[in-house]
Amino acid sequence: MQHPAELSPLGKSSAYVATYSPQVLFPIPRAPKWAELGVTAETLPYQGVDIWNCYELSWLLPSGKPVVAIGEFVIPADSPNIIESKSFKLYLNSLNQSVFESREHLLDVMRGDLSAAAGKPVGIRLRSLEDVEREGIAPLPGRCIDELDLSIDHYDSPRADLLRCDPERRIEETLHSHLLKSNCPVTGQPDWGSVVVEYHGAALEPASLLAYLVSFRQHADFHEQCVERIFLDLQRLLQPERLTVYARYVRRGGLDINPYRSTEALTPANGRLVRQ
């Protein structure tokens with residue numbers, strides 16, 4: 001079956017237009033993947049957002065002088081659509097030679113265009129390079145499980161059956177790994193990420209979590225859908241009082257994508273990791 005993104009600019013030769021072109025944005029419905037995971041828009045067991053950081057954002061002032069900034073875009077996890085990443089990049093490039101009378105004008109334009117594509121209001125923040133530089137590099141919370149000694153030979157598809165827990169022991173902990181990798185479902189290009197699991201529930205066996213995360217290594221799916229699958233698999237296993245799963249992905253094309261899914265309302269700090 002054809003992946004919806006195969007109709008998008010992804011993996012195809014595209015003309016890079018440098019003047020404002022909102023029509024290049026390509027929405028991809030979330031519903032088919034939700035159905036594959038056994039949920040619907042009405043039964044989502046999580047809250048969350050997808051945070052996109054753009055490091056190649058520029059436009060022109062009325063004087064003709066260029067401005068550069070780092071853009072932060074926050075898309076609700078329950079929005080009807082994700083925005084295909086290459087079309088997002090093409091849209092941002094279309095601002096390069098476009099004149100906006102002020103930052104507020106640009107923000108209003110982008111909010112309207114991106115919210116229309118996502119199907120829900122998109123939050124936007126423009127940050128100066130100096131502001132982001134001052135923030136520095138953020139560490140991940142909790143215990144890193146990457147040095148655990150185990151044998152792994154499952155790489156082709158997510159293996160929830162690898163996950164193990166002790167249902168008699170309920171704990172609260174945070175684990176993280178930098179070994180998450182999956183592939184773009186259209187181009188086959190690798191997507192590298194670091195994942196965090198915060199939970200209060202049945203005690204998860206850390207080695208089983210690591211083996212499970214590595215089983216995504218040749219799996220073809222978008223960032224958002226990988227994180228949703230991890231969340232749902234852990235929720236079924238742990239029966240948690242509280243669960244948060246998020247991934248910080250390495251940028252491609254000047255954009256990094258960072259999906260957050262949680263049983264709780266949350267406001268992510270959006271700190272950049274060393275690979276970002």
Side-chain angles (χ1 to χ4, degrees), residues 3-5 8-10 22-35 37 39-42 44-57 69-95 106-127 132 182 184-186 191 193 195-196 221-232 244-273 276:
H3 194 285
S8 78
L10 191 61
Q23 69 276 6
V24 301
L25 288 168
F26 190 88
I28 298 176
R30 296 187 193 259
K33 279 294 178 178
W34 284 341
L37 295 172
V39 297
T40 67
E42 293 72 34
L44 294 178
Y46 52 72
Q47 306 175 56
V49 293
D50 303 324
I51 300 178
W52 297 57
N53 295 305
C54 169
Y55 298 91
E56 300 177 12
L57 178 60
I70 293 175
E72 177 187 281
F73 306 91
V74 181
I75 302 174
D78 63 349
S79 63
N81 306 312
I82 63 174
I83 302 174
E84 187 277 312
S85 59
K86 185 175 180 181
S87 80
F88 204 142
K89 172 66 172 173
L90 292 170
Y91 169 74
L92 294 169
N93 281 341
S94 81
L95 307 175
L106 175 62
L107 284 167
D108 286 343
V109 169
M110 289 195 296
R111 280 193 198 99
D113 294 337
L114 296 171
S115 298
K120 273 205 164 184
V122 172
I124 304 177
R125 182 164 62 127
L126 298 183
R127 296 186 288 169
V132 175
S182 55
C184 171
V186 178
D191 293 319
V195 64
V196 175
D221 228 337
F222 287 129
H223 305 60
E224 301 92 335
Q225 293 146 3
C226 289
V227 171
E228 288 169 359
R229 186 180 294 273
I230 296 168
F231 178 95
L232 291 168
T244 297
V245 176
Y246 65 90
R248 304 286 307 186
Y249 278 90
V250 176
R251 79 183 72 161
R252 191 137 51 81
L255 290 165
D256 65 46
I257 306 173
N258 308 278
Y260 288 72
R261 302 293 183 267
S262 181
T263 55
E264 312 290 313
L266 74 170
T267 305
N270 194 29
R272 287 189 304 159
L273 304 188
Q276 295 182 305

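Keep in mind that this is a model prediction, so the values were computed, not measured. Computation of the quantities below employed the complete heavy-atom set of this structure, encompassing side-chain atoms and omitting hydrogens, waters and symmetry-equivalent molecules. Residue numbers count from 1 along this sequence.
- Take Asp191 and apply the side chain to side chain donor-acceptor pair (under 3.5 Å) test, not counting sequence neighbours, and it matches Arg252.
- The shortest distance between side-chain heavy atoms of Trp52 and Ser85 falls below 4.5 Å.
- Considering all non-hydrogen atoms of both residues, Arg111 and Ser115 come closest at O-OG, 2.7 Å.
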Inset, instruction - Give the intermediate values and the outcome of side chain to side chain contact (heavy atoms under 4.5 Å, CB included) for residues Ile75 and Val49. - result: CA-CA 5 Å; Ile75 302 174; Val49 293; over 6 Å; no
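- Considering only heavy atoms from C-beta on, Thr263 stays 4.5 Å or farther from Pro45 through its side chain.
- Here Tyr260 pairs with Arg248 under the side chain to side chain donor-acceptor pair (under 3.5 Å) rule; sequence neighbours left out.
- Considering all non-hydrogen atoms of both residues, Tyr249 and Ser182 come closest at OH-OG, 4.2 Å.
- Ring-centre distance between Phe73 and Phe88: below the 6.0 Å cut-off.
- Residues passing the salt bridge (Lys or Arg N to Asp or Glu O under 4.0 Å) test with Asp50 are Arg30, Arg261, sequence neighbours excluded.
- The minimum heavy-atom distance linking Ala117 with Pro27 is given by the pair O-CB, 3.4 Å.
- Considering only heavy atoms from C-beta on, Pro80 comes within 4.5 Å of Lys120 through its side chain.
- With values rounded to the nearest 0.5 angstrom, Asp78 atom CG is found 6.5 Å from Leu44 atom CG.
- Within the 4.5 Å cutoff, the side chain of Val39 has heavy atoms near those of the Trp34 side chain.
- Atom SG of Cys184 is separated from atom NE2 of His223 by 8.5 Å, given to the nearest 0.5 angstrom.
- Every residue two or more places apart in sequence or in another chain that forms a salt bridge (Lys or Arg N to Asp or Glu O under 4.0 Å) with Glu56 is listed here: Lys89.
- Contact record, Ser87 with Ile83: OG-CG2, 3.9 Å, taken as the closest heavy-atom pair.
- Salt bridge status for Asp221 with Lys33: present, with a side-chain N to carboxylate O gap under 4.0 Å.
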Inset, instruction - Determine, step by step, whether Gln225 and Ile230 satisfy the side chain to side chain contact (heavy atoms under 4.5 Å, CB included) criterion, reporting the C-alpha distance in whole Å, the side-chain angles of both residues, the deciding distance to 0.1 Å, and the verdict. - result: CA-CA 9 Å; Gln225 293 146 3; Ile230 296 168; over 6 Å; no
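- No side-chain donor-acceptor contact under 3.5 Å links Glu264 to the backbone of Leu266.
- By the 4.5 Å heavy-atom criterion applied to side chains, Tyr246 and Val227 are not counted as neighbours.
- Gln276 CD to Asp256 CG: the interatomic distance, rounded to the nearest 0.5 Å, is 4.5 Å.
- A distance of 6.0 Å separates CG in Leu255 from CG in Leu92, rounded to the nearest 0.5 Å.
- Contact annotation: the side chain of Asn53 approaches that of Asn258 to within less than 4.5 Å [non-hydrogen atoms, C-beta and beyond].
- Using a 3.5 Å distance cut-off with no hydrogens or angles, the side chains of Tyr91 and Gln23 do not pair a donor with an acceptor.
- When side chains are defined from C-beta on, Leu37 counts as touching Arg229, because their heavy atoms get closer than 4.5 Å.
- Leu126 places none of its side-chain heavy atoms less than 4.5 Å from the side chain of Ile70.
- Contacts of Tyr55 classified as ring-ring contact (aromatic ring centres under 6.0 Å, His included), with partners at least two apart in sequence or in another chain: none.
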Inset, instruction - Would you please test Ile124 and Leu114 for side chain to side chain contact (heavy atoms under 4.5 Å, CB included) and show each step? - result: CA-CA 9 Å; Ile124 304 177; Leu114 296 171; 4.0 Å; yes
Inset, instruction - Please step through side chain to side chain contact (heavy atoms under 4.5 Å, CB included) for the pair Val245 and Val195, ending with a clear verdict. - result: CA-CA 7 Å; Val245 176; Val195 64; 4.1 Å; yes
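- In this structure, Gly119 and Asn81 approach most closely via the heavy-atom pair N-ND2, 4.4 Å.
- Legend: residues meeting side chain to side chain donor-acceptor pair (under 3.5 Å) with Glu224, ordered by chain and number and at least two apart, are absent.
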